[in-house]
Amino acid sequence: MTHAEQLSGLHAARLWKPLSHGLAQCRLCCHFCRIEPGQRGLCGVRQNRDGELFSLVYGLPAALGADPVEKKPLYHFLPGTRTFSLGTMGCNLTCSFCQNASLAQPPGQGQAVRGHQLGPQALVDAACDSGCRSMAYTYSEPTIFFELVEDASRLALTRGLKNILVSNGFMSPDCLKAFGPAQGGCIQAANVDIKAFTEAFYAEQCGARLAPVLENVRHMRALGWWLEITTLVIPGLNDAPGELEALAAFIVRELGPDTPWHLSRFHPAHRLQDRPVTPIQALLDARAAGRAAGLKYIYLGNASGRGFGDTLCPACGKVAIEREGFLVIAGEEGALPGGVCPWCGAALPGTWA
């Protein structure tokens, strides 16, 4: 590999296997792309070069920021702290409503892959210098820049930082196995989009399947990751009361009633321009369905309203953690939430600062 190729983000891929006639099968996500020589996978950032598979985005993040961890969103994982967030170009889904289409979609359409030349060590140094408590692999889909996530996350742990995935959950079993358990592995927390609760939605709107996502969130829970779920509520596509009730019941049954569920308000984006903004009442109805199913922590996002982001104590019903937007309202002497209700002392689930 030439110096110029290294600077471009080219790096030997992991989690793939050679096939006959020079084909390479990527094993990173549940598309399991069979890639011909000279071609890229569906994500647009993994390329077969003479029978060898390469990542095109290693050390080439295209988006960087030190964000409130609540922005991911994660409300029960080091709340009130900042997380150093990074993402490369590319995605393994083709969502019609993609919120970061300019970052995620161009490589899959054959366009150039761009970014900043920053390797794992430089990224971890930047995270420490910015005073962040964690690193978040986000903005696009971290599965497709797996090699960068794996190397940066292992370095981050040696510096006392925790690691977060913000993911569509369509990775392969091999990918989850490589990330490993929360203790001794790479990743400690994740927010996963369950975008709908029908296979038809995933096929028509995302170019993917629902079943692998559901299996993967079960696996993440078994790995001991702290897990929160997000659903973008889209009028007329995934907001039927029965569908949201079934999704809430799945979360309670398979992930546990303490799993936070973030219900996010849709705004027209990317190719999906023919739907209205989600009515606030639809979010309130979805929250009611979640509570009826037994979920204890439900948050409303992309919308302004009193208490939409507050954490309520299930024991006493009072506001245990108050938020304004993505900001936690600190307690006495600026104290961050400590994992117990300040009113009754009941324990709150999560990982606390």
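Fair warning: this is a prediction, and the values are worked out from it, not measured in the lab.
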Is it the case that [X] and [Y] place a side-chain donor and acceptor less than 3.5 Å from each other?
{"X": "Asp67", "Y": "Ser85", "answer": "yes"}
{"X": "Arg82", "Y": "Ser134", "answer": "no"}
{"X": "Thr311", "Y": "Tyr299", "answer": "yes"}

Hey, quick one: are [X] and [Y] part of the same hydrophobic cluster, counting side-chain heavy atoms closer than 4.5 Å, chains of contacts allowed?
{"X": "Val69", "Y": "Leu227", "result": "no"}
{"X": "Leu53", "Y": "Phe145", "result": "no"}
{"X": "Leu74", "Y": "Ile251", "result": "no"}
{"X": "Phe77", "Y": "Leu161", "result": "no"}
{"X": "Leu272", "Y": "Tyr202", "result": "yes"}

Can you find a heavy atom in the side chain of [X] that is under 4.5 Å from one in the side chain of [Y]?
{"X": "Pro268", "Y": "Val277", "value": "yes"}
{"X": "Phe32", "Y": "Gln25", "value": "yes"}
{"X": "Gln47", "Y": "Ile35", "value": "no"}
{"X": "Met135", "Y": "Leu86", "value": "yes"}
{"X": "Leu247", "Y": "Trp261", "value": "yes"}

Applying side-chain contact (heavy atoms from CB on, under 4.5 Å), run through Phe201 and Lys195 and close with a yes or a no. CA-CA 8 Å; Phe201 180 99; Lys195 298 175 183 292; 3.9 Å; yes
For Phe170, what residues pass the ring pair (Phe, Tyr, Trp, His ring centres under 6.0 Å) criterion, not counting sequence neighbours? His31
Would you compute the distance between atom [atom1] of [X] and atom [atom2] of [Y] and round it to the nearest 0.5 angstrom?
{"X": "Ser130", "Y": "Leu64", "atom1": "OG", "atom2": "CG", "value": "10.5 Å"}
{"X": "Trp16", "Y": "Phe146", "atom1": "CH2", "atom2": "CZ", "value": "15.0 Å"}
{"X": "Ile164", "Y": "Thr138", "atom1": "CD1", "atom2": "OG1", "value": "9.0 Å"}
{"X": "Leu232", "Y": "Thr278", "atom1": "CG", "atom2": "OG1", "value": "6.5 Å"}
{"X": "Phe326", "Y": "Glu70", "atom1": "CZ", "atom2": "CD", "value": "9.0 Å"}
{"X": "Leu237", "Y": "Thr198", "atom1": "CG", "atom2": "OG1", "value": "9.0 Å"}

Side chain [X], main chain [Y], donor-acceptor under 3.5 Å:
{"X": "Glu199", "Y": "Leu210", "value": "yes"}
{"X": "Asp151", "Y": "Leu148", "value": "no"}
{"X": "Arg133", "Y": "Thr81", "value": "no"}
{"X": "Ser172", "Y": "Leu28", "value": "yes"}
{"X": "Glu228", "Y": "Tyr75", "value": "yes"}
{"X": "Arg40", "Y": "Arg46", "value": "no"}
{"X": "Gln99", "Y": "Phe97", "value": "yes"}
{"X": "Asn302", "Y": "Arg265", "value": "yes"}
{"X": "Asn191", "Y": "Lys72", "value": "no"}
{"X": "Trp225", "Y": "Leu165", "value": "no"}

Which residues satisfy the salt bridge (Lys or Arg N to Asp or Glu O under 4.0 Å) test with [X], sequence neighbours excluded?
{"X": "Arg27", "result": "Asp174"}
{"X": "Glu215", "result": "Arg218"}
{"X": "Lys71", "result": "none"}

Filter on salt bridge (charged side-chain N to carboxylate O under 4.0 Å, His left out), then keep only pairs touching residues 288-317, sequence neighbours left out; what's left? Asp258-Lys296
Kindly state whether the ring of Phe250 and the ring of Phe197 have centres lying under 6.0 angstrom apart. yes
For the rings on Tyr297 and His76, is their centre-to-centre separation under 6.0 Å? yes
As a quick check of understanding, evaluate side-chain contact (heavy atoms from CB on, under 4.5 Å) for Val192 and Met220, giving each step before the final call. CA-CA 10 Å; Val192 177; Met220 291 175 190; 3.6 Å; yes
Give a yes or no on whether Glu36 atom CD has more than 12 heavy-atom contacts from other residues, nucleotides or ligands under 6.0 Å away. no
Take Arg14 and Glu150 through the test salt bridge (charged side-chain N to carboxylate O under 4.0 Å, His left out) and record every step on the way to the result. CA-CA 10 Å; Arg14 301 167 197 163; Glu150 184 176 41; 2.7 Å; yes
Tell me which one of Arg271, Glu204, Gln205 satisfies side chain to side chain donor-acceptor pair (under 3.5 Å) with Ser96. Gln205
By side chain to side chain contact (heavy atoms under 4.5 Å, CB included), which residues pair with Ser167, not counting sequence neighbours? Glu141, Pro142, Thr143, Met171
Cys91 and Cys98: side-chain contact (heavy atoms from CB on, under 4.5 Å), yes or no, with the steps? CA-CA 10 Å; Cys91 188; Cys98 182; over 6 Å; no
Criterion side-chain contact (heavy atoms from CB on, under 4.5 Å) on Asp285 and Leu283, from CA distance to verdict: CA-CA 5 Å; Asp285 291 345; Leu283 296 179; over 6 Å; no
